[in-house]
Trainee: 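One structure coming up, written as structure tokens, with questions to follow.
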Amino acid sequence: MVHQLKIVDEVPGWLRVYEDGSVDRTWTGPPEAKFMAEPVPPHEEFVAGVAVRDVVTDRKSGHRVRIYLPKDVPGTDPAKLPIFLHFHGGGFSISQADWFMYYNTYTKLAASARAICVSAYLRLAPEHRLPAAMEDGYAALEWLGSVARGQSREPWLEEHADFTRIFLIGDSSGGNVVHEVARRAGEADDLGQVRLAGAIPIHPGFVRSERSRSELEQPETPFLNRAMMDKFLALGLPVGSTKDHPITCPMGPAAPPMEGLRLPPMLLCVAEKDLVVDTEMEYYEAMKAANKEVELLVSRGMTHSFYLNKMAVEADPATAAETDRLIAGITEFIEKH
């Protein structure tokens, strides 16, 4: 008789944890949405103006990144291109840099902003609890430094990248990685030939133990609901930690004081109807109170990570318009810095 493993934890549709510690991330939600969570193979030929390659950055650890290179446009400035260092979302527990939802978004952003996007593959909880994703994010920044110094080789970056204009960018929990990598970079004695020119957390998963008003009152969506958020954080945070942990509540009393942090200029992107918009705004106010350089981009009428949902973008003119406005706002921020 074959023993069937018992499910001991679950995020419906996204993830199942079994009694032996194994994790199954097979999508079991609505089949029409499955394509958004499927990998897109790299292609070194230009498709819609962007070429894509996957690169192993450290053979010992297996760390990888995905690189999006926009095609040269005749008549435009031939100067080297800024870099987005991108961190995917997924509540620290699901998703990969090669998922369609990121491919669809970051090919468009790379083309719009005329920037190279380097997207880090982050280790996932519960197999790798925090701070594993933070360590992987910072390792990707250190790898860019090694390429800039000629210690590592990556032809696309060597030929096209401006290592003095690196912008951290991340979706949802990837926005938490943005803050933490920026904080760690600010503590570094010398980043060498790389420079952080800006940071762009998009709908970051900033929360606290006591639920905010928006968590209680804003609409739940397939991309974020209260049960999902609670479960992902229970799987992702260090054992024994609460949502007041500095990674999930960088504006809280357990986190290093904002006043003492060396952070690059920041564009905080929030959605008006996001469950976590109130705590994102607490972060914004803490940044302002600490005299940090921070701008705010609000997507009116939108919910968490709306721009990643291709079906909604194509079906709803308002979602499409706000997605275009988000990409335009990020592009403008890049051009200013």
Side-chain angles (χ1 to χ4, degrees), residues 9 11 14-15 17 23 87-95 120 122-141 168-188 199-216 223-263 266 268-270 274-287 289-290 292 294 304-305:
D9 233 334
V11 181
W14 295 102
L15 172 151
V17 182
V23 181
F87 310 118
H88 63 75
F92 309 112
S93 299
I94 59 167
S95 90
L122 305 175
R123 285 175 292 169
L124 301 176
E127 303 97 320
H128 305 283
R129 286 180 176 266
L130 295 172
M134 310 296 155
E135 293 165 353
D136 294 350
Y138 194 75
L141 178 62
L168 307 178
I169 189 168
D171 318 278
S172 192
S173 59
N176 300 57
V177 184
V178 167
H179 174 86
E180 181 65 10
V181 171
R183 183 192 68 78
R184 293 186 185 196
E187 293 179 348
I200 309 166
I202 309 176
H203 309 175
F206 297 151
V207 293
R208 47 179 163 80
S209 291
E210 182 181 354
R211 290 202 194 277
S212 67
R213 183 172 178 176
S214 64
E215 274 189 70
L216 295 171
F223 272 129
L224 191 67
N225 60 61
R226 286 181 289 275
M228 177 195 304
M229 181 166 59
D230 290 348
K231 183 59 68 176
F232 278 147
L233 293 181
L235 293 171
L237 283 165
V239 174
S241 298
T242 71
K243 295 177 186 175
D244 295 320
H245 189 282
I247 288 175
T248 44
C249 191
M251 64 288 188
M258 289 281 194
E259 293 80 3
L261 303 185
R262 294 171 54 202
L263 298 172
M266 189 169 293
L268 175 63
C269 304
V270 305
D274 197 332
L275 283 181
V276 293
V277 67
D278 283 358
T279 35
E280 291 168 340
M281 291 305 297
E282 289 175 13
Y283 174 84
Y284 174 74
E285 294 300 336
M287 290 278 285
K292 302 303 177 185
V294 56
H304 191 78
S305 296

Trainee: Is there side-chain contact between P204 and H179, with heavy atoms separated by less than 4.5 Å?
Mentor: no
Trainee: Within the side chain of S214, is there an N or O that forms a donor-acceptor pair under 3.5 Å with the backbone of L275?
Mentor: yes
Trainee: Report yes if some heavy atom in the side chain of R184 is under 4.5 Å from a heavy atom in the side chain of E135; otherwise report no.
Mentor: yes
Trainee: Are the side chains of L168 and F87 in contact, using a 4.5 Å heavy-atom criterion?
Mentor: yes
Trainee: So which heavy atom on A188 is nearest to which on Y138, and how close?
Mentor: CB-OH, 3.6 Å
Trainee: Write down the atom of A120, the atom of A140, and the distance for their closest heavy-atom approach.
Mentor: CB-CB, 4.0 Å
Trainee: So with a 6.0 Å cut-off around CD of E259, is the heavy-atom count from everything else above 12?
Mentor: yes
Trainee: Counting N and O atoms only, with roles assigned by atom type, does the side chain of D274 sit under 3.5 Å from a partner on the main chain of V277, one being a donor and the other an acceptor?
Mentor: no
Trainee: Check salt bridge (Lys or Arg N to Asp or Glu O under 4.0 Å) between R129 and all other residues, then give those that pass, not counting sequence neighbours.
Mentor: none
Trainee: Answer yes or no: is there a side-chain heavy-atom contact under 4.5 Å between M287 and M266?
Mentor: yes
Trainee: Under 3.5 Å, side chain of H203 to main-chain N/O of H304, donor-acceptor pair present?
Mentor: no
Trainee: Hey, are the side chains of K231 and V17 touching, using non-hydrogen atoms and a 4.5 Å cut-off?
Mentor: no
Trainee: Answer whether the closest heavy-atom distance between the side chains of D230 and K243 falls below 4.5 Å.
Mentor: yes
Trainee: Going by heavy atoms in the side chains, are F92 and N176 under 4.5 Å from each other?
Mentor: yes
Trainee: Would you say S95's side chain and G89's backbone share a donor-acceptor pair under 3.5 angstrom?
Mentor: yes
Trainee: Is there a side-chain contact between I94 and V11 (heavy atoms, below 4.5 Å)?
Mentor: no
Trainee: Thinking salt bridges, do D278 and R213 make one under a 4.0 Å N-O criterion?
Mentor: no
Trainee: Evaluate whether atom CZ of R226 has more than 12 neighbouring non-hydrogen atoms of other residues, nucleotides or ligands under 6.0 angstrom away.
Mentor: yes
Trainee: From L15 CG over to L235 CG, what is the distance, rounded to the nearest 0.5 angstrom?
Mentor: 6.5 Å
Trainee: Give me the atom names and distance for the closest heavy-atom approach of T279 to M251.
Mentor: O-CE, 3.5 Å
